[in-house]
There are 2 protein chains.
Amino acid sequence: MTNLRTLDLNLLVVLRQLLEDRHVSRAGEQLGMSQPAVSRALQRLRAMFDDPLLVRTPRGFELSARAEALLPELSRWLDETERLVSRPVFDPATSTQVVRFYGPEPEVGWFLPPLFERMRRLAPGMVLEVNSQPRDHFGPLERGDVHFVVTPFEPSASTAQLHSLRLAPLSLALVMSKDNPLAQGPLTLDRIAAASHGLVSLTGRGGGMVERDLIEQGQLSPGERLNQPLRLSSFASIPAFCERSDIVFHLPHRFAEELARGRNLVVRETPPRTTKEVAYAHLYWHERFHKDPMCRWIREQLKAGQV
Amino acid sequence: MTNLRTLDLNLLVVLRQLLEDRHVSRAGEQLGMSQPAVSRALQRLRAMFDDPLLVRTPRGFELSARAEALLPELSRWLDETERLVSRPVFDPATSTQVVRFYGPEPEVGWFLPPLFERMRRLAPGMVLEVNSQPRDHFGPLERGDVHFVVTPFEPSASTAQLHSLRLAPLSLALVMSKDNPLAQGPLTLDRIAAASHGLVSLTGRGGGMVERDLIEQGQLSPGERLNQPLRLSSFASIPAFCERSDIVFHLPHRFAEELARGRNLVVRETPPRTTKEVAYAHLYWHERFHKDPMCRWIREQLKAGQV
DNA sequence: CTCCGTTATGCATTGGACGCATGGATTCTC
DNA sequence: GAGAATCCATGCGTCCAATGCATAACGGAG
């Protein structure tokens, strides 16, 4: 095998122009190099192919047999080359790529639907794959198993090479039965702290957010637990539980409205508190996908889809 | 379109090694370049692709998404490249190429059959195309219409770029009827000069060779013409004419033997004379086919097929 | 925290590609 | 057939950029 390291592949670009023009000076103009430079390149090409490539005739240069055979191949090769080095274009409208997310509920349910809505509209051929199996959140990223992770957790210090984007926090609202006493009268922090709370969590985490917040606000003394008699692993049955009990759920506002629609439920704004009152999450991705056009597009859509 | 002139395609060779090894130092060893050189090449590659290509992980470098997609394409591309720059191999056994000759009779009939015999044996798929239409002998060469010309003529001084090979001269013999008086007794130059000669010529040329020779030998005085009462344009009817007349033909020895076989003919060696007593010809070819593997092979066979 | 393996970088060198100017060859024109 | 025009090749000086060496920086493992 000829060792490509010893060859100057850049010469091949010059060769095509030479074979097309059959004219050293003109090829030089087209390539933006001087005539002597092209002449020397031709010398090197002749050595490289051990063939004259261009032969003098009374009508100027003509192609040698080798050059004749080479020209079409060379054109194909250059096209190939251009394709190879050209930035891969991502066309949402025609892409059928799969974008893989990892993230726990409930964050996935809160932050990804707006993205998916845009995907359905702008990239109907794409597939969104979401994995919420409880496990290490950042391992899949490092292994390249997923493109993105959506999580409220922080990556451990050891996992470098991660990029992140803070997703716009979603303000929380309280969902409860219209018959719940809390549905009437002022919605104060102490009344909230005294209520019976439900939470959705696949990971065992989740409600801690509200509890911690109320502690910091002084509505619960540290060590005192929030009254949380209901833990669900999905949102589907929230309306049914709320309608038939005194349970209240902290949920992102718009999400709560959707659940309450057509039910005997009411959604009430929570009183202004710290930033912890909102549902937040970060989007993380690995360096390896940082420049990937599809992933960039997804990130843009995620940003654009925020309220 | 990205301008390939501004890119260094040689870097792509390094890139493949890098992507395969995922290791700068090792790639350097394989490529025969120092580690810093490879590191710098990687920098340039990263700029070229606007992508990290190799990303650090706890287990060393791993491929970015782009690199992952690139690697198989790159391998294909390098194979293509190698094919492109590698010397085209000519395999007689499988070739179906057409080799085109131009040349006048009778030289074609004398010099090409040994070649064709070898071709049938060694290159059964190839086609030998011979054109003997009388015309300018060297024009077809310059136009690239034919690969070779076989002719006793010299190219005009203006036609440069021609290569040539002297074909081994064929010694001439005389063919005549067994009843011809010349068939008996010593075959001296004066008896030959006195005989009635036939000649084969498509071009009008041909017999001049014998005539000139006899003049130079002093057997004919300048201006005196050889007795040549028969001109044929092919060899086919020579036996029939010779058998029924006193005509003698100067023909290459082996060719004469073939014609005489099974006929009432005799082949006699001519007495030693100058080099002009032999049938000679040159093989000419144009610069453009000088390095062509098929043409080289043909030239070899032509040489090898000589007596 | 330190050591080891690996990669990145500062620095000096060099090789070769380039442009300019010119020589040499060939063709075209008159 | 002489002269002009065109075009390619080459000698020469320049300069850039790739390379190698030495070393620093970095990251992981113990």
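Chain letters run A, B, ... following the sequence lines, proteins first and then strands; every chain starts at 1.
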For this session: Report the distance from atom CZ of A/Arg56 to atom P of C/dT27, rounded to the nearest whole Å.
Result: 9 Å
Problem set entry | B/Arg46 vs C/dA8: side-chain N/O to OP1/OP2 distance below 4.0 Å | yes
Problem set entry | Whole-Å gap separating C1' (C/dT6) and CG (B/Asp21) | 14 Å
Exercise. So does A/Ser39 get a side-chain nitrogen or oxygen closer than 4.0 Å to the phosphate oxygens (OP1/OP2) of D/dA9?
Worked result: yes
Problem set entry | C/dG5 phosphate, OP1 or OP2, under 4.0 Å from B/Arg26 side-chain N/O | no
Exercise. Is the backbone of B/Asp91 close enough, under 3.5 Å, to the side chain of B/Ser95 for a donor and an acceptor to pair up by distance?
Worked result: no
Exercise. What nucleic acid atoms does A/Arg44 come within less than 4.0 Å of, heavy atoms only: base, sugar-phosphate, or nothing?
Worked result: sugar-phosphate
For this session: Answer with yes or no whether B/Gln43 presents, from its side chain, a donor or acceptor under 3.5 Å of a partner atom in the base of C/dA8.
Result: no
For this session: Specify the separation, in whole Å, of atom CZ of A/Arg40 and atom P of C/dA17.
Result: 10 Å
Problem set entry | B/Arg100: which of B/Val146, B/Val149, B/Asn131 passes side chain to side chain contact (heavy atoms under 4.5 Å, CB included) | B/Val146
Seminar exercise, completed: Checking C/dG19, C/dA8, D/dC8 against the side chain of B/Val24 (C-beta onward), the nearest is C/dA8
Problem set entry | Parallel, tilted or perpendicular: rings of B/Phe148 and B/Trp285 (30°, 60°) | perpendicular
For this session: Whole angstrom is fine here: how far is it from CG in B/Asn10 over to P in C/dG16?
Result: 13 Å
For this session: Can you tell me the distance, in whole Å, between the CG atom of B/Leu42 and the P atom of C/dA8?
Result: 6 Å
For this session: Would you mind reading off the distance between B/Phe61 atom CZ and C/dT7 atom P, rounded to a whole angstrom?
Result: 6 Å
Exercise. Is A/Glu68 paired with B/Arg288 through a side-chain N to carboxylate O contact shorter than 4.0 Å?
Worked result: no
For this session: State which of D/dC12, D/dC8, C/dT7 makes the closest approach to the side chain of B/Ser25.
Result: C/dT7
For this session: Round to the nearest Å and state the distance from A/Leu53 atom CG to D/dA9 atom P.
Result: 12 Å
Exercise. Salt bridge or not for A/Arg26 and A/Glu29, using N-O below 4.0 Å?
Worked result: no
For this session: Round to a whole Å and report the spacing from CG of B/Leu18 to P of C/dT7.
Result: 9 Å
Exercise. B/Pro36 or B/Ala41: which one's nearest nucleotide on DNA chain D is closer to the 5' end?
Worked result: B/Ala41
